[in-house]
There are 2 protein chains.
Amino acid sequence: MPPDPAARIRRFHRAVTREAGALDASFLGRGRPLGVARVLWQIPRQSGDLTAIRAGLGLDSGQFSRILRSLEREGLITLARHEGDGRRRLARLTGAGADEVALYNRLSDDSAKGLVAAAPNSAVFLAAMDLIATVLNRGQTEVRLADPDDPAAQACLQAYFDLLVAQIDGMRHDHLPLPDPHADRYRPPNGAFLIAWSDDLAIGCVSLRTLVPGLGEVKRLWVAPDARGQGLARRLMLAVEEQARKLGMTQLKLDTNAGLTDAIALYQKTGWSPTQAYSGFPSTHWFAKSL
Amino acid sequence: MPPDPAARIRRFHRAVTREAGALDASFLGRGRPLGVARVLWQIPRQSGDLTAIRAGLGLDSGQFSRILRSLEREGLITLARHEGDGRRRLARLTGAGADEVALYNRLSDDSAKGLVAAAPNSAVFLAAMDLIATVLNRGQTEVRLADPDDPAAQACLQAYFDLLVAQIDGMRHDHLPLPDPHADRYRPPNGAFLIAWSDDLAIGCVSLRTLVPGLGEVKRLWVAPDARGQGLARRLMLAVEEQARKLGMTQLKLDTNAGLTDAIALYQKTGWSPTQAYSGFPSTHWFAKSL
DNA sequence: CATGATCACTGACCGTAGTCAGGTATCAAC
DNA sequence: GTTGATACCTGACTACGGTCAGTGATCATG
């Protein structure tokens, strides 16, 4: 119904930059320049790692240094030597600093609450925001090792199981308990759990466990619907193969179900060969790959 | 599945400000400060009306004046006296200016194309952007008179008819032809067509026609699903009543269908009284109101 | 024709963001 | 120990956005 895509995106862009400006202005409301506020706000998120904060905000080293000194002068942070690397320093919030961060968090939360309340359907609205953020974050997706008991890992598995139920005929949810009582199988040195991150949201996962020494099994490959079509499944598979090599495995197996057609196509394209059955329902296809 | 709403909105905000920054940077790529580029870009959109451009961008009068002179020095615009108001001036693009604007448009279109291509499902992605823009633009919605043959009006009616088909049992789309062969009935002095604008997207409409001199009929009240819950239908009804008064009408009628429960509730709350039937299917309810 | 409001322009000023060229201390590698 | 890279700091500089007070021209109003 509406006009051409470029016009719609421009409208979105106008709406969103105005909103961003309003939020920035509320950050400025604490009497501190925006750059300084952003650094302060990032310190707890990156647990004080100066390099990570600077890289995340894309700041010049000189400017960053000045911002830190300004925060120090305000008594909001203290800078301590990094243990283990004398070149680096670690930022730590003082009590007053923590209070300020909490205040900024409240400002941002309030604006978030107002937004959600204004939407006709908050679940749909938040899902739309997730989708857009995921698309905009494409190319910034990072695959990292995670603990299988991490809440983000649990969320991935939950989504994965939901997908199985939806796509596999005869599948019932209670076939796969959560949290996984066998989490330890997916921790080094037995196995691994990998999560694909889009900023701080988990949008994909894959896991690896040992069947017998030297032989691993890849399980639970999942990619969020919003993130499909970016080659993320392939990246996760490459990453899990690398983990397998690091754990000294020389061969991998996996099982899957005919309902997961995209996954099967991917395995066939990336060096996996059909192999004989080694597991039961819901599996209908089995693959193996030598490392 | 994902974490708390505030965190999701913050992630959205981060993703979107980074994207906006990237687009701004590409605007800067033409060797012109962003503020200057934005003004140049807005001139054709507002057909050179300096006051409208300045208000739209929220610029200080002094700063704006300097930006205009910089564009003049570059040979991209000429400033002419406003006919009718000697205090005001009118900006007009030169040939070189029009070329620059076209180039900026291409830059923005390219970035839009890239975005749409990156989404797993472009229709869903664009709909998500429309929803978010509509929610963010809440409070900036404007109701204005429109010509019933305007493409935006046609788009509204199309959406309205689609809604009727979806909500009314037995309704078929071909009952209501488009474009409307009787558009003239909805133009002054016979009637009126009102559109609610969210930026440059039409998100609601209502129309008015004359039944007999002094007696009007309100028809085709529509609000986009994204924009529900903001009291927009009420605003449209108030606006159309005002138009009716301006056209010298003293009484209004309308018909509606039991499937449109929200509309019926609104009429009952805003001074409309049930009246006897004056039209057939798909109507099931009839209301009247004296002005 | 006086009044007050509006529109546009000018000059002076400020804070912030951002760049650049050094400089110092530390680390890892040979 | 030497070398080169890394992490952080400093000082000098610029551009840009934004504010403010004051000016002159024009308009609508009574």
Side-chain angles (χ1 to χ4, degrees), chain A residues 17-18 20-22 24-43 46-74 77-92, chain B residues 17-18 20-22 24-43 46-74 77-92:
Chain A
T17 48
R18 183 155 25 79
D24 286 354
S26 87
F27 267 63
L28 286 165
R30 297 287 310 149
R32 209 167 278 120
L34 183 59
V36 177
R38 273 211 280 251
V39 168
L40 178 62
W41 156 270
Q42 283 289 335
I43 287 173
Q46 305 281 354
S47 42
D49 179 340
L50 294 191
T51 315
I53 296 168
R54 198 165 70 77
L57 295 175
L59 288 172
D60 172 78
S61 141
Q63 197 179 340
F64 186 58
S65 173
R66 264 180 288 272
I67 288 174
L68 285 179
R69 300 207 42 212
S70 135
L71 286 170
E72 222 179 353
R73 238 182 297 121
E74 278 197 84
I77 62 168
T78 55
L79 292 169
R81 299 187 78 79
H82 186 104
E83 8 178 331
D85 189 339
R87 295 167 303 180
R88 311 179 66 176
R89 300 176 76 183
L90 240 145
R92 197 167 296 282
Chain B
T17 47
R18 183 155 25 78
D24 286 355
S26 87
F27 268 63
L28 285 166
R30 297 286 314 147
R32 208 166 279 120
L34 184 58
V36 177
R38 274 211 278 250
V39 169
L40 178 62
W41 156 270
Q42 284 288 336
I43 286 174
Q46 306 280 355
S47 42
D49 180 341
L50 294 192
T51 315
I53 296 168
R54 199 165 70 78
L57 295 174
L59 287 172
D60 171 79
S61 141
Q63 195 179 344
F64 187 57
S65 173
R66 264 180 289 274
I67 287 174
L68 285 179
R69 300 206 44 210
S70 134
L71 286 171
E72 221 178 356
R73 239 181 297 118
E74 279 196 84
I77 63 168
T78 56
L79 292 170
R81 297 188 80 78
H82 187 105
E83 8 177 331
D85 189 338
R87 295 168 301 182
R88 311 178 65 177
R89 299 176 76 184
L90 240 146
R92 196 168 295 282

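Below, read A as the first sequence line, B as the second, and so on, with proteins coming before strands; counting in each chain starts at 1.
- Tested against D85(A), the residues R87(A), H82(A), R88(A) include a single side-chain hydrogen bond (donor to acceptor under 3.5 Å, both in side chains) partner, R87(A).
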Do any side-chain atoms of residues 31-41 of chain A form donor-acceptor pairs under 3.5 angstrom with protein atoms, and if so which ones, sequence neighbours left out?
{"residue": "R32(A)", "atom": "NE", "partner": "E74(A)", "partner atom": "OE1", "Å": "3.3"}
{"residue": "R32(A)", "atom": "NE", "partner": "E74(A)", "partner atom": "OE2", "Å": "2.9"}
{"residue": "R32(A)", "atom": "NH1", "partner": "E100(A)", "partner atom": "OE1", "Å": "2.9"}
{"residue": "R32(A)", "atom": "NH1", "partner": "Y104(A)", "partner atom": "OH", "Å": "2.9"}
{"residue": "R32(A)", "atom": "NH2", "partner": "E74(A)", "partner atom": "OE1", "Å": "3.1"}
{"residue": "R32(A)", "atom": "NH2", "partner": "E100(A)", "partner atom": "OE1", "Å": "3.4"}

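- Taking only side-chain atoms of S65(B), from C-beta outward, the nucleotide of dA7(D), dT10(C), dT26(C) with the closest atom is dT10(C).
- Between L68(A) atom CG and dA17(C) atom P the separation is 13 Å, expressed in whole Å.
- One can place CZ of R81(A) at 13 Å from C1' of dC9(D), the figure rounded to the nearest angstrom.
- Side-chain nitrogen and oxygen atoms of R87(A) include none within less than 4.0 Å of the OP1 or OP2 phosphate oxygen of dA28(C).
- Counting any heavy atom pair closer than 4.0 Å across all strands shown, R38(A) reaches no nucleic acid atom.
- Under 4.0 angstrom from either OP1 or OP2 of dA8(C) there lies at least one side-chain N or O belonging to T51(B).
- Residue L50(B) comes nearest to R89(B) through the heavy atom pair CG-O, 3.4 Å, listed as atom of the first residue, atom of the second, then distance.
- Listed by first then second residue, pairs satisfying salt bridge (Lys or Arg N to Asp or Glu O under 4.0 Å) with a partner in residues 57-71 of chain A number zero, not counting sequence neighbours.
- One atom, CZ of F64(A), and another, P of dC8(D), lie 8 Å apart when rounded to the nearest Å.
- The interatomic distance linking R73(A) (CZ) with dT10(D) (C1') rounds to 14 Å, in whole Å.
- Between the CZ atom of R88(A) and the C1' atom of dT26(C) there is a distance of 12 Å, rounded to whole Å.
- Here the side chain of L59(B) is nearest to one of dT26(C), dC9(C), dG18(D), namely dG18(D).
- When the C1' atom of dT24(C) is taken as reference, atom CZ of R89(A) falls 13 Å away, rounded to whole Å.
- Crowding of R18(A) atom CZ: a count of heavy atoms from other residues, nucleotides or ligands under 6.0 Å exceeding 12.
- For H82(B) and dC9(C), the NE2 to P distance is 14 Å, given to the nearest whole Å.
- Side-chain atoms of S61(A) lie closest to dC8(D) of the nucleotides dC8(D), dG18(C), dA8(C).
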CA sep, side-chain torsions, deciding dist, call: Q46(A), T51(A), side chain to side chain contact (heavy atoms under 4.5 Å, CB included): CA-CA 9 Å; Q46(A) 305 281 354; T51(A) 315; over 6 Å; no
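- When rounded to the nearest whole Å, the span between CG of D49(A) and C1' of dT6(D) equals 14 Å.
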Which letters describe nucleotides 11-16 of chain C, given B = protein heavy atom under 4.0 Å from base, S = only from sugar-phosphate, - = neither? BB---S
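- Separating the CD1 atom in I67(A) from the CD1 atom in I77(A) is a distance of 10.5 Å, to the nearest 0.5 Å.
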